[in-house]
Every structure is written in C-alpha cells, then in structure tokens.
Amino acid sequence: MNLKLPHLLVLGCIALIPVTLISKPPNIVILLTDDQGYADLSLSPHSRPEVKTPRMDQLLLDGARFTKAHTNGATCAPTRAAIMTGNYQQRHGIYHTPDTRNGLDAEAKLMPEYFKDAGYATACIGKWHLGLTPEFNPVNRGFDYFYGFLGHGGHDYFDLGPVGSRDEEFNGMKRNLEPINDEGYLTTRIGDESVAWIEQNKESPFFLYVCFNAVHSPAQAPAEDIAKYNTGSEKRDKLAAMLDHLDLNIGRIVDTLKANGLYENTLIYLLTDNGGAAGMEADNTPLRGAKGSIWEGGHRTFFGVTWKDRIKPGTVVDTSVMSFDILPTALAAAKLPIPTDRIKDGKNLLPLIEGKTETHHDFLVWYNGRGPFAIYKDGWKLTRDKPNRKSKTPVDSLFYLPDDESEENDLIASNPEKATELLDLFTAWKGEMKPFNAQQAKFADFNNPSAGKKQKK
C-alpha cells in the first residue's frame, strides 16, 4: 500500500509510520541511443535477420509503446535540447546541430535541475552535445556527475583519451570537468559507468541520463563480433555488431535496477535521437528518408515508457507524441509541478498511457532553420523541401499519414485548403520561436529571403 501524504504531514508523523509505507519518489532513467534505424530493432516487423535486440524489445514490452512517436529534431543535438528543456528547441535558439557549439540557452532550466532541486542524485553518462565550454558542461547544468564527451558528432569507440582522434577540441573524454585517459569499447564503458553510478546512488531517488553514441558513425566494433555477421555489406555487419553491444549494455542497466529492487519504481524511457543514418546503412523501413530529412525516416522513433509500479505491461498508444514530452511526464510521475512559464510545449504522457485521453498535441513541427520544414496535424503532414534547381522555388507536398505512412502519395493538388491551413499554422508557430541565427547556416532560409544576407556597413 502506498500512502500519499503531504510532505509536512509525513515529516510530522514519520516516527509513527513504518518505513515500508512511506512512498518513495520514482527514479528516472532515460536511455537514449544514437542514429538507430526505425527498423533496427528486432521487435519491429520490418527488422532484418541480423538485428537482435532482445533487451530493448523486452523493455518496450514491459511498459507502454508508442506507435507514432517522434523526435524533435532530425539530427542529434536539437532533440537533446528539447528533451532537456521540455520545449521546442527553437524556443532556445537551437535549430540545427552547429547551434550547440555555443551551448544551450543559459537562462533555460534543464531537466536535471528540476530533480536536483527535489533532492534527486543526477548523472549524465555518454554523449552530451549541448555545449563545449566549462559553463555548459553537464556538471554546471544540474548534473552531479558526468562521464563522457561533449560532442560534436560521433566519437571513436576505441580511442578514449583526453584528445579524441577525430576532433581535438570537442571529442576528448571527460569525467566531470577533467579530461581523462580511459580504455575499452565506448558502448561498454558507458554501460560500466551507468551500472556503477546506480550502485553508488541506490539509496536515494535518482535521475540518470544515459546517452549512448551507438550506433552513430564511425562504424566500429570488436573484430570478433563483426565476424559473426555476413550480410553482404561490411558496414552493415559492423552496425549489427554495434547493436549487439548497445542492447547488451541496456540490459546490464536494467539488470542492475532489478538486482537492487529498483526496477518497479523506476520510470524508464527508451528511444533514439533521430532517424537512422543513411551513411551507416541504418534501416528505417517502411519510412521515407533518413537522419537529417523532413520525412518520417528523419524523426520517427521507437519509444517506450516503462514503470512497473504504474504502467501496465503491453500497453500500446497510437496517439502522436514527441520527445519533449519526456520532461513533463517525469515531473508528473515524481509529483513535482510542471512550470508552464518554462515548459510551454511538452505534455504529460501519463493520461495517454492510462487511457484517460486519446488527444495530446494539436500539431507537431520539424524545422532546422534553413528552409525545409514539416508540420503535422490530425493525420495530415505538409512538407516543404529544398528548392527545385530549375525553378528555384521550394517544393511543397501534402500527405495523409494514416493511409500513407511511407509518404508516397502527394495530395496537395486535391487539398489546397488543407495545405494553406498547415502553412499558416507553421508561420504562426515560427513567429513564437527565438529567431534563427542565419549566420551559422550554410545557406539562407528560403522561407525568409533576407535571412543569412550580409548586412551593409
């Protein structure tokens, strides 16, 4: 039995209440993978024979699975900014990955800060990708502990020194603020650190943000594991081996929670940060496109929320959701207030999961500030792609996803009013966001011809 008593009453009567009856806040764990294909999960009906992810599959089956889940960005950093703030990342000036070289809005309150204020232990382990200088290091943004690298992009899986082989400034390994020399395979080391941190902090409620860089490039895995596969593609063989290590280490984290009696009262999220990368031969079947695109293959993700004490195993939710919903859901689970002056976009998923509602967001938007965008509402998705080379005009398309998940049938000619409605909605949404810093873009936003032009002196 759980007693739900006001905090002051609990404090006043603590001597009279058996310890086992005092409700403990749930632990929060986010398991974020990197560039994993929509079909690169063996639970998917579209997965290939080489894909074996039994531990991820079981975690998804153990709680609620979302069949229409999306990441906020089609590349790594924008999605991470949305998860940490509970908002569209554009509200904080993050439109595409290079924006995070300057760090994530210092005025924004990040997810770990809410939980640290509530007495939680907090840790970030793995790939940060939200600021490179000390003031943006995770330990200065609400985390008690950090092991990993600050970004950008992929990290060598075997070179774990203070200076990364690909990028001296950005990819060296750190523990908290200090550069470190480490050894091993990075996916395994992220698992090691996560397991050790749980063991060290199991007596208090905790928030653990585990950011695997697998299966982001470079394509690297132990040779003996790659040798187990013969898909006809050397890169695909490596990807399969990388998935094995990813799945194994997610399983180790879950096993540690179970061994310490923590699993039932831990809210666990499992998702990837954007669509699978074409350069890694990730599989996004049956979706169109891949990482970086406005198509479903750029931002659809498998997404699971597990909490054995509250969520019924095998729950399936068909309503569209987005990764910025993670923070408000976690706050609601911990019975902490959701500050609407700060969290304007993400919404609590628990009413959906518990069948109390079937409605959630009015619409969803994907936009990297450089022209292409997509907006979704009530099954309809309007996309604006790069300009046609001959006409120099953007290409607008309209799809009805319930009948066309693969975005093959453009219905814009027969539904011009719907396209106009969605375009107007996007324009209004864009007006609420922090202006895009076009100087960081490789080309101007063709939705705003003046963006990116040099100002006359």
Side-chain angles (χ1 to χ4, degrees), residues 29-44 47-60 76 124-129 147-149 151 153-161 164-166 171 173 182-198 208-231 233-258 268-274 276-277 279-283 291 301-302 304:
V29 175
I30 299 175
L31 301 173
L32 185 66
T33 73
D34 201 335
D35 289 7
Q36 188 173 350
Y38 188 66
D40 284 333
L41 186 82
S42 49
L43 188 62
S44 167
S47 67
R48 303 183 196 178
E50 68 271 14
V51 175
K52 300 176 180 65
T53 57
R55 301 309 303 271
M56 283 188 268
D57 295 350
Q58 188 57 54
L59 191 56
L60 291 168
C76 308
C124 173
I125 296 175
K127 174 179 173 178
W128 176 232
H129 216 176
Y147 165 89
F149 63 101
H155 191 288
D156 193 283
Y157 287 81
F158 294 103
D159 180 1
L160 308 186
S165 61
R166 294 184 66 203
N171 276 333
M173 295 295 293
D182 203 358
E183 295 181 351
Y185 183 63
L186 186 50
T187 305
T188 302
R189 288 294 300 120
I190 290 172
D192 293 343
E193 290 279 332
S194 300
V195 165
W197 190 85
I198 292 171
L208 175 60
Y209 180 43
V210 185
C211 308
F212 289 98
N213 61 311
V215 290
H216 196 293
S217 61
Q220 295 175 333
E224 62 271 21
D225 297 315
I226 298 170
K228 297 175 185 177
Y229 295 95
N230 184 20
T231 64
S233 164
E234 181 181 357
K235 184 166 286 186
R236 186 70 187 176
D237 292 346
K238 291 179 180 179
L239 179 70
M242 293 166 76
L243 277 170
D244 283 346
H245 282 269
L246 176 62
D247 191 68
L248 172 65
N249 282 282
I250 285 175
R252 291 176 62 208
I253 293 169
V254 172
D255 288 345
T256 302
L257 294 170
K258 290 180 176 179
I268 307 171
Y269 300 92
L270 174 64
L271 71 161
T272 196
D273 61 351
N274 47 247
M280 282 290 290
E281 298 184 18
D283 186 358
K291 174 183 178 179
T301 178
F302 56 87

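For the single chain, residues carry numbers from 1 onward in sequence order.
Nearest heavy-atom pair across Ser233 and Glu281 is OG-OE1, 2.6 Å. Across all non-hydrogen atoms, the minimal contact from Ser42 to Pro54 is OG-N, 4.1 Å. Taking all atoms of both residues into account, the shortest heavy-atom contact from Tyr229 to Asp237 is O-OD2, 3.4 Å. Among all heavy-atom pairs drawn from Leu239 and Met280, the shortest one is CD2-O, 3.8 Å. Nearest heavy-atom pair, Asn213 versus Phe149, reported as atom, atom and distance to 0.1 Å: CB-CZ, 3.9 Å. When every heavy atom of His216 is checked against every heavy atom of Cys76, the shortest pair comes out as CD2-SG, 3.9 Å.
Between the CG atom in Leu243 and the CD atom in Glu50 there is a gap of 9.0 Å [rounded to 0.5 Å]. Taking CD1 of Ile198 as the start and CD1 of Ile125 as the end, the distance is 8.0 Å to the nearest 0.5 Å. Between Asp35 atom CG and Asn274 atom CG the span is 5.0 Å, to the nearest 0.5 Å. The structure places OH of Tyr38 at 12.0 Å from CG of Asp283, a figure rounded to the nearest 0.5 Å. In this structure, CG in Leu32 is found 9.0 Å from NZ in Lys127, a value given to the nearest 0.5 Å. Rounded to the nearest 0.5 Å, atoms CG (Leu59) and CG (Leu31) are 6.5 Å apart.
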Next item on the list: Mind running side-chain contact (heavy atoms from CB on, under 4.5 Å) on Cys211 and His129 for me, showing each step along the way?
Entry: CA-CA 10 Å; Cys211 308; His129 216 176; over 6 Å; no

Note to self: Go through it in stages, so that I can follow the logic: the residues are Leu41 and Ser47, the test is side-chain contact (heavy atoms from CB on, under 4.5 Å), and I'd like the CA-CA distance, side-chain angles, deciding distance and then a yes or no.
What the structure shows: CA-CA 6 Å; Leu41 186 82; Ser47 67; over 6 Å; no

Notebook entry, point to check: Yes or no on side-chain contact (heavy atoms from CB on, under 4.5 Å) for Val215 and Asp40, after CA distance, side-chain angles and deciding distance?
Noted result: CA-CA 10 Å; Val215 290; Asp40 284 333; 5.9 Å; no

Next item on the list: Could you give me the CA-CA distance, side-chain angles and deciding distance for Val210 and Ile190, then say whether side-chain contact (heavy atoms from CB on, under 4.5 Å) is met?
Entry: CA-CA 8 Å; Val210 185; Ile190 290 172; 3.7 Å; yes

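Within the 3.5 Å criterion, the main-chain N or O of Leu43 finds a donor-acceptor partner in the side chain of Asp57. Proximity of a side-chain donor or acceptor of Tyr185 to a complementary backbone N or O of Gln220 within less than 3.5 Å is detected. For the pair Tyr209 (side chain) and Trp128 (backbone), a donor-acceptor distance under 3.5 Å is absent.
Ion pair Asp225/Lys228 flagged as a salt bridge, since at least one NZ, NE, NH1 or NH2 atom sits closer than 4.0 Å to an Asp/Glu carboxylate oxygen. Using a 4.0 Å cut-off between a side-chain N of Lys or Arg and a carboxylate O of Asp or Glu, Asp34 and Lys291 do not qualify as a salt bridge.
Contact annotation: the side chain of Ile253 never approaches that of Ile268 to less than 4.5 Å [non-hydrogen atoms, C-beta and beyond]. Side-chain contact between Ser194 and Tyr147 is absent, with no heavy atoms from C-beta onward closer than 4.5 Å.
Counting non-hydrogen atoms of neighbouring residues, nucleotides and ligands closer than 6.0 angstrom, the CD atom of Glu183 reaches no more than 12 such neighbours.
Residues Thr187 and Asn249 have side chains that never bring a donor and an acceptor to within less than 3.5 angstrom of each other.
Contacts of Asp247 classified as salt bridge (Lys or Arg N to Asp or Glu O under 4.0 Å), with partners at least two apart in sequence or in another chain: none. Residues passing the salt bridge (Lys or Arg N to Asp or Glu O under 4.0 Å) test with Glu193 are Arg175, Arg189, sequence neighbours excluded.
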